[in-house]
Visitor: 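The structure that follows is given in the form of structure tokens.
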Amino acid sequence: MKVTLLSRSASIPSTRRLVEAGRARGHQLRVLNPLRVQMHLDGGGSATLYYDRKKLAPTDVVLPRIAQSINTYGLAVVNQFALHGVPLVNHAQAIAQSRSKMRSLQLLSAHGIDIPATVMARDAAQLKEMVGLVGGVPVLVKLLQGQEKHGVMVCESLQSLEAALEAVLGLGHNLVMQEYVKSTSQDVRVLVVGGKAIAAVRRRPRPGRLAHTLIKGARLEEMELSPGQRATAEKATRLVGLEVAAVDLLDVQGKSKVFEVNSSPALPEMEAVTGMDLATPIIIRAEELVAGAEPVSMPDLLPPIPLASAVVPAPRKKRASRTPRSGSEGA
């Protein structure tokens, strides 16, 4: 089987693991940087792909790992392969759905998936009000610039939140803030492949640090999923329409809340903690798609939901102030 892996570099650890797993199963793998792919369309229905101006040889399946920084162009490349009728492990529509954080949360909430209290604002001028709407600190903050760059912070005090925002407000003004891990809660990442949850870790992120993903710099611990966590992660992945995804859960007293669905999950970190080969199941799912197994169904996109009624909860009662913990983990 000929497998095309769309990734900026073959040296990226997760990409390298997928290449190793594919070759171990006897497949031919090539890694293509999406930015070096050229596309040609005409009115006759032709959809031709080139790589460094040379026409691409046919492939049996495409495994996209599109970085956020090249999201727009990368997804156009993924869609061009779809026009050729090539099976895809994660379609462009599903990847785009997962990348639109608020849109994804609206979709999940509308289909009965519990999500953390979430608010979105154009800037940080109403910071204190936003913190109250999500139940107070600690909070998860996602900064967005257009549709390309993003960052994630975990802030455990209002003071650390204000200080962090002052340092990064120059990056953009779209901001998403979510309820985050309290002392009795768990931050869980679940890897789902082909509609089945195959591995999970508990994460302890580095508070107050800006990172591209929560997995970066976090301390990971192996864990067993409860039936509820498993069902929630699998349903969320199915709704977004992904074949391969990492579902991030906030587990509060046995109740699972989804705060993100990631279409390009990091593999080596989870493999190191769980001792499992997580790349091979992805290659096996690619084999199944080539053989004609049905992909995860993509639901019809919902009509726009008014943001105020969809994601801003009623204000909660004021809670007693809490003393910030000393010695932030991982600092």
Side-chain angles (χ1 to χ4, degrees), residues 1 3-32 61-68 88-90 94-95 98 152 154 181 186-206 209 211-226 229-230 232-234 236-237 240 242-251 256 258-289 296 329-330:
M1 185 174 75
V3 180
T4 295
L5 215 165
L6 293 176
S7 175
R8 285 181 300 173
S9 172
S11 65
I12 294 174
S14 293
T15 300
R16 188 167 60 244
R17 282 291 299 119
L18 290 165
V19 170
E20 293 169 352
R23 288 176 177 167
R25 291 186 64 82
H27 303 312
Q28 299 178 35
L29 277 93
R30 64 182 180 188
V31 178
L32 302 182
V61 64
V62 171
L63 208 166
R65 289 189 61 87
I66 305 300
Q68 182 80 16
L88 300 169
V89 179
N90 288 350
I95 298 171
S98 70
V152 177
V154 178
V181 178
Q186 293 183 5
D187 173 2
V188 177
R189 166 160 283 202
V190 185
L191 182 65
V192 180
V193 178
K196 301 295 183 182
I198 65 171
V201 293
R202 184 181 296 107
R203 302 181 302 180
R204 298 187 184 277
R206 301 169 66 185
R209 297 297 184 88
H212 290 298
T213 64
L214 278 173
I215 204 81
K216 185 177 181 180
R219 192 177 75 194
L220 305 182
E221 302 170 355
E222 185 179 8
M223 64 169 291
E224 289 289 333
L225 287 173
S226 69
Q229 290 169 332
R230 182 179 301 276
T232 297
E234 292 175 353
T237 304
V240 176
L242 293 167
E243 287 285 348
V244 175
V247 180
D248 294 333
L249 304 174
L250 176 65
D251 194 82
S256 298
V258 176
F259 61 86
E260 188 162 341
V261 181
N262 190 312
S263 61
S264 297
L267 301 177
E269 294 89 344
M270 290 187 72
E271 288 184 328
V273 172
T274 63
M276 299 172 61
D277 173 0
L278 302 178
T280 296
I282 297 174
I283 298 298
I284 291 174
R285 183 55 186 153
E287 296 169 357
E288 293 172 346
L289 292 172
V296 171
E329 252 182 48

Visitor: Could you tell me whether the side chain of Asp277 and the main chain of Ala279 form a donor-acceptor pair under 3.5 Å?
Guide: yes
Visitor: Donor-acceptor check, side chain of Thr280 to backbone of Ala21, threshold 3.5 angstrom: yes or no?
Guide: no
Visitor: To the nearest 0.5 Å, what is the distance between CG (Leu191) and CD (Glu271)?
Guide: 9.0 Å
Visitor: If the condition is side-chain contact (heavy atoms from CB on, under 4.5 Å), which residues does Glu287 pass it with, not counting sequence neighbours?
Guide: Met1, Arg25, His27, Ile283, Ile284
Visitor: Evaluate the side-chain proximity of Leu267 to Ile282: yes if any heavy-atom separation is below 4.5 Å, no if none is.
Guide: yes
Visitor: Is there a donor-acceptor contact under 3.5 Å from the side chain of Glu243 to the main chain of Val89?
Guide: no
Visitor: Okay, side chain of Arg16, backbone of Ser11: is any donor-acceptor separation there less than 3.5 Å?
Guide: yes
Visitor: Can Thr232 and Ser256 be counted as having a side-chain donor-acceptor contact under 3.5 angstrom?
Guide: no
Visitor: With distance as the sole test, does Asn90 use its side chain to make a donor-acceptor pair with the main-chain N or O of Val244 at under 3.5 Å?
Guide: yes
Visitor: Would you confirm whether Glu234, through its side chain, and Ala197, through its main-chain N or O, come within 3.5 Å as a donor-acceptor pair?
Guide: yes
Visitor: Are the side chains of Leu225 and Val188 in contact, using a 4.5 Å heavy-atom criterion?
Guide: yes
Visitor: Taking Arg65 for its side chain and Pro265 for its backbone only, find out whether a donor-acceptor pair lies under 3.5 Å.
Guide: yes
Visitor: Only counting residues at least two apart or in another chain, list the ones meeting side-chain contact (heavy atoms from CB on, under 4.5 Å) with Val273.
Guide: Val201, Leu220, Glu222
